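This is a predicted model, so every value here is computed, not measured.
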Amino acid sequence: MENEPNMTPSNTNPQIARRGIYLSIVTYVIISTAKLLVGYSFDSDAVFADGLNNFTDSFASIALLVGMILSQRPADQNHRYGHYKIETITTLIMSFVIFYIGITVTIDSTTALINQAYAAPTPINAVVGLSSGVIMSGVYWYNNRLGKKLNSPSLKASAKDNLSDALTSFATALSVVLSRTGILWLDGAMAIVVGLIIIKSGYDIFKESAFSLSDGFPQEDLDNYRKIVRMVPGVRAISDIRCRNYGANVYIDITILVDPEISVQAGHAITEKVESALQQTEDVTAIDVHVEPYQEN
């Protein structure tokens with residue numbers, strides 16, 4: 001016996017989810033402009049590198065926004081479960097952009113440090129770095145909170161990038177202050193650290209996106225679904241359970257074992273109870289329940 005997949009609306013409100021991306025875009029444009037101008041005009045490699053990082057982040061955020069919009073297209077004949085994976089694909093593309101920028105910043109900064117091409121940065125660089133760090137911390141808090149609430153891959157990726165930007169901004173401000181004490185090479189060294197942090201951020205986003213696109217699924221969540229189904233009256237055992245992510249949505253394919261003596265109608269009633277129980281779990285969108293007779297070992 002096989003029950004048709006039960007499709008429930010996504011828990012993600014696309015209009016609310018986009019607010020975080022809009023906030024990131026506007027913030028990055030303002031901060032990157034300030035850092036690039038100040039870093040270039042007042043001789044700070046670290047601030048300029050951080051500004052370049054933020055500048056590319058603005059384009060990455062735009063890509064995430066486009067992916068988020070496209071992912072909300074309705075299901076069609078070729079995409080029976082919708083276009084939600086487009087959102088995850090854009091986060092994967094974003095990781096490549098971040099990788100590229102991180103490698104470029106690291107190589108350029110290392111070359112400048114080896115050639116001793118550095119000068120004492122002015123205090124305004126520290127002010128810009130500290131201010132942007134505070135602002136990006138606020139953006140991170142907002143996107144991280146919203147991303148967890150909506151289980152949005154785009155917002156989670158954006159929040160990780162926001163956090164790395166906040167930390168690098170604080171570190172950049174500190175390096176500028178210390179460079180003023182006479183350690184001129186520290187500004188260039190911090191630019192290298194910024195590049196490495198950017199690379200790490202890109203790797204984290206790539207790892208999570210690739211895991212989702214390859215149909216990987218957290219074991220902890222899988223075990224939780226098993227526990228819920230086992231508590232449903234009439235379910236004797238679970239033969240198999242498979243889950244996958246479609247953007248912020250979860251699809252569950254499960255095979256339950258029931259008493260072989262009950263009627264088809266009674267078996268169908270149990271599947272409805274299983275669906276009802278799983279629907280209480282956040283982000284579950286599609287449920288496909290298969291029923292087989294339970295056999296004593």
Does any part of the side chain of [Y], heavy atoms only, come nearer than 4.5 Å to the side chain of [X], both counted from C-beta?
{"X": "Asn162", "Y": "Ser158", "result": "yes"}
{"X": "Arg242", "Y": "Tyr251", "result": "no"}
{"X": "Arg145", "Y": "Lys149", "result": "no"}
{"X": "Asn144", "Y": "Leu163", "result": "no"}
{"X": "Ile256", "Y": "Tyr294", "result": "no"}
{"X": "Asn143", "Y": "Ser24", "result": "yes"}
{"X": "Val289", "Y": "Glu272", "result": "no"}
{"X": "Ile69", "Y": "Arg18", "result": "yes"}

Linking I/L/V/M/F/W/Y whenever any side-chain heavy atoms sit under 4.5 Å apart, do [X] and [Y] land together?
{"X": "Phe217", "Y": "Ile228", "answer": "yes"}
{"X": "Ile287", "Y": "Leu222", "answer": "yes"}
{"X": "Phe170", "Y": "Ile31", "answer": "no"}
{"X": "Ile135", "Y": "Tyr22", "answer": "yes"}
{"X": "Ile62", "Y": "Met136", "answer": "yes"}

In Å, rounded to the nearest 0.5 Å, how long is the span from [atom1] of [X] to [atom2] of [Y]?
{"X": "Tyr225", "Y": "Arg230", "atom1": "OH", "atom2": "CZ", "answer": "15.0 Å"}
{"X": "Phe96", "Y": "Thr91", "atom1": "CZ", "atom2": "OG1", "answer": "10.0 Å"}
{"X": "Ile21", "Y": "Leu146", "atom1": "CD1", "atom2": "CG", "answer": "9.0 Å"}
{"X": "Ile192", "Y": "Thr111", "atom1": "CD1", "atom2": "OG1", "answer": "8.5 Å"}
{"X": "Asp288", "Y": "Glu275", "atom1": "CG", "atom2": "CD", "answer": "8.5 Å"}
{"X": "Arg236", "Y": "Glu292", "atom1": "CZ", "atom2": "CD", "answer": "14.5 Å"}

Query raised in the report: Side chains of Ser132 and Ser169: donor-acceptor distance under 3.5 Å anywhere?
Result: yes
Requested in this report: Ignoring hydrogens and angles, state whether a donor on the side chain of Asn224 or Glu220 is under 3.5 Å from an acceptor on the partner side chain.
Outcome: no
Query - Side-chain (Ser209) to main-chain (Phe206) donor-acceptor, under 3.5 angstrom - result: no
Query raised in the report: Do the side chain of Ser58 and the main chain of Phe55 share a donor and acceptor less than 3.5 angstrom apart?
Result: yes
Do you know the tightest heavy-atom contact between [X] and [Y]?
{"X": "Asn54", "Y": "Tyr28", "answer": "O-CB, 3.6 Å"}
{"X": "Pro293", "Y": "Leu257", "answer": "O-CD2, 4.0 Å"}
{"X": "Ile262", "Y": "Val258", "answer": "CD1-CG2, 3.9 Å"}
{"X": "Val232", "Y": "Lys273", "answer": "CG1-CB, 3.6 Å"}
{"X": "Leu36", "Y": "Gly51", "answer": "CD2-C, 3.7 Å"}
{"X": "Leu155", "Y": "Gly147", "answer": "CB-CA, 3.7 Å"}

Query raised in the report: When you look at Val128 and Ser131, which way does the side-chain contact (heavy atoms from CB on, under 4.5 Å) test go after all the steps?
Result: CA-CA 5 Å; Val128 170; Ser131 299; 5.9 Å; no
**Report entry** Glu208 and Lys156: CA distance, side-chain angles, deciding distance, salt bridge (Lys or Arg N to Asp or Glu O under 4.0 Å) verdict
**Finding:** CA-CA 10 Å; Glu208 185 173 335; Lys156 289 180 179 179; 5.2 Å; no
Query raised in the report: Can you check side-chain contact (heavy atoms from CB on, under 4.5 Å) on Tyr140 and Asp165, steps first, answer last?
Result: CA-CA 9 Å; Tyr140 160 74; Asp165 290 331; over 6 Å; no
Query raised in the report: What do you reckon, is OH of Tyr100 surrounded by more than 12 foreign heavy atoms closer than 6.0 Å?
Result: no
Requested in this report: Go through the steps to decide whether Asp223 and Lys227 satisfy the test salt bridge (Lys or Arg N to Asp or Glu O under 4.0 Å), and finish with yes or no.
Outcome: CA-CA 6 Å; Asp223 292 339; Lys227 182 178 179 180; over 6 Å; no
Requested in this report: Apply side-chain contact (heavy atoms from CB on, under 4.5 Å) to the pair Ile238 and Ile254, showing each step before the final yes or no.
Outcome: CA-CA 8 Å; Ile238 298 174; Ile254 184 170; 4.1 Å; yes
Report task. Could you please spell out the steps behind the side-chain contact (heavy atoms from CB on, under 4.5 Å) verdict for Thr110 and Ile114? Result -> CA-CA 6 Å; Thr110 301; Ile114 292 175; 3.9 Å; yes
